[in-house]
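Numbering of residues begins at 1 and proceeds along the displayed sequence. First listed ligand is number 1; within each ligand, the first listed atom is number 1.
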Amino acid sequence: MERNSSFGRLGGKVALITGAASGMGAAHARAMAREGAKVAIADIATEAGEELAAGLRNIGASSSYHDHNVTDPAAWQELVASVERTHGPIDVLVNNAGIQVRSVGIAADDDEWARVTAVNQRGVFLGMRAVIPGMAERGAGSVINVASTAALVGMPGSIPYQASKAAVLGLTRGAAVSYGRNNVRVNAICPGLVVTGMTASASPEAVEAMKAQIPLRRDGRPEEVSAAVVFLASDEASYITGVVLPIDGGFVAL
Ligand SMILES: NC(=O)c1ccc[n+]([C@@H]2O[C@H](COP(=O)([O-])OP(=O)(O)OC[C@H]3O[C@@H](n4cnc5c(N)ncnc54)[C@H](O)[C@@H]3O)[C@@H](O)[C@H]2O)c1
């Protein structure tokens, strides 16, 4: 069955998702495709990204993979042009690509600081800079920036990671108030503990200890985060902009 018609909560919309070859980004790609979006998957993990796009096409979705490093300003222009040639103007941008660093506390070296800031903070800025002007000109668009509960409360992890995610909230609010008049909505989500490649280095004991602190007493599933992404991308969220939504089993309510 052809899914990219006007059916579904995202029927006919073109969605670009960064870091979508694996983890939560891949779940967002599947969920958005199921809701009728044309999905452009951007990542640096070529094989996994190509495979996911092909899998979505096999179930009747319109999907493409684009090799793209979010830290490269010139590459953003090429990506937008390529997505628009393939699917049409971008309606939804999900700035999902992110990295964690190993250092704990303030011990990060300059290289770790530069890497985490380049991907998690500057990557979001570059994405919005490349995509929002077109959305503003067309008078519609939804941007979803992926922050973290680490942006909302202090945690005994990497301080540069936390700082980069807190910056995402500033980028989100600034863009939301600047482009509201153009009907471009910009929101941030703050996932809590979701087991993906990113959390693979945490020991099972550490994961259990984290779960014990969460009011719902469990980790989140990628699909539970995707449900919020689909909602914010859809016209159901047409009056929602500038919000910061924790998806964390109640963790930041503690
Ligand atoms: N997993 C969690 O518990 C958790 C919690 C809060 C927030 N987050 C955030 O959610 C987002 C997704 O994380 P995840 O857990 O799915 O991680 P993941 O490591 O499974 O996936 C991240 C994806 O981003 C891609 N990527 C990395 N650097 C890139 C770059 N420079 N350009 C393009 N793509 C790049 C990777 O190849 C990978 O496919 C990240 O922004 C992360 O910080 C994760």
Side-chain angles (χ1 to χ4, degrees), residues 16-31 39-53 65-76 78-79 83 93-102 112 114-127 130 143-153 155 157-158 160-169 171-172 188-202 206-207 209-211 213-214 216 218-226 228-229 244-249 251-252:
L16 166 59
I17 313 171
T18 67
S22 67
M24 281 188 259
H28 304 338
R30 289 189 201 97
V39 179
I41 294 160
D43 207 299
I44 50 176
T46 311
E47 205 176 315
E50 296 274 21
E51 203 175 301
L52 177 59
Y65 173 72
H66 307 257
D67 253 326
H68 174 70
N69 188 329
V70 295
T71 66
D72 181 346
W76 270 104
E78 288 165 30
L79 174 66
V83 171
L93 168 65
V94 186
N95 278 313
N96 166 77
I99 58 167
Q100 180 56 279
V101 287
R102 287 184 177 280
E112 278 184 324
R115 278 191 298 120
V116 78
T117 306
V119 179
N120 295 5
Q121 177 176 344
R122 187 162 180 248
V124 170
F125 168 70
L126 294 176
V143 177
I144 298 145
N145 293 327
V146 180
S148 167
T149 47
L152 300 173
V153 294
M155 287 184 188
S158 160
Y161 177 83
Q162 296 184 34
S164 71
K165 291 300 187 179
V168 172
L169 306 188
L171 288 161
T172 300
I189 59 168
C190 291
L193 175 64
V194 180
V195 176
T196 64
M198 183 171 282
T199 59
S201 62
V207 170
M210 284 188 260
K211 285 189 208 171
Q213 290 177 29
I214 297 169
L216 289 183
R218 63 174 179 85
D219 51 329
R221 295 188 301 276
E223 295 71 28
E224 293 177 301
V225 180
S226 303
V229 170
V244 171
L245 178 64
I247 307 162
D248 65 344
F251 183 70
V252 300

If you count the non-hydrogen atoms of other residues, nucleotides and ligands that lie under 6.0 Å from CD in Glu51, is the total more than 12? no
Select all protein residues for which some heavy-atom-to-ligand 1 distance is less than 4.0 Å, and list them by chain and number.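 Gly19, Ser22, Gly23, Met24, Asp43, Ile44, His68, Asn69, Val70, Asn96, Ala97, Gly98, Ile99, Val119, Val146, Ala147, Ser148, Tyr161, Lys165, Pro191, Gly192, Leu193, Val194, Thr196, Gly197, Met198, Thr199.
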Non-neighbouring partners of Arg102 that pass salt bridge (Lys or Arg N to Asp or Glu O under 4.0 Å), sequence neighbours left out: none
Closest approach of Leu152 to Pro246 (non-hydrogen atoms, all atoms of both residues):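 Heavy atoms only, the tightest pair is CD1-CG, 4.0 Å.
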Do you know the tightest heavy-atom contact between His28 and Ser226? ND1-OG, 2.9 Å
Evaluation steps, side-chain hydrogen bond (donor to acceptor under 3.5 Å, both in side chains), between Asp248 and Thr149: CA-CA 7 Å; Asp248 65 344; Thr149 47; 5.7 Å; no
Is the backbone N or O of Thr18 less than 3.5 Å from a side-chain atom of Asn95, with the two atoms forming a donor-acceptor pair by type? no
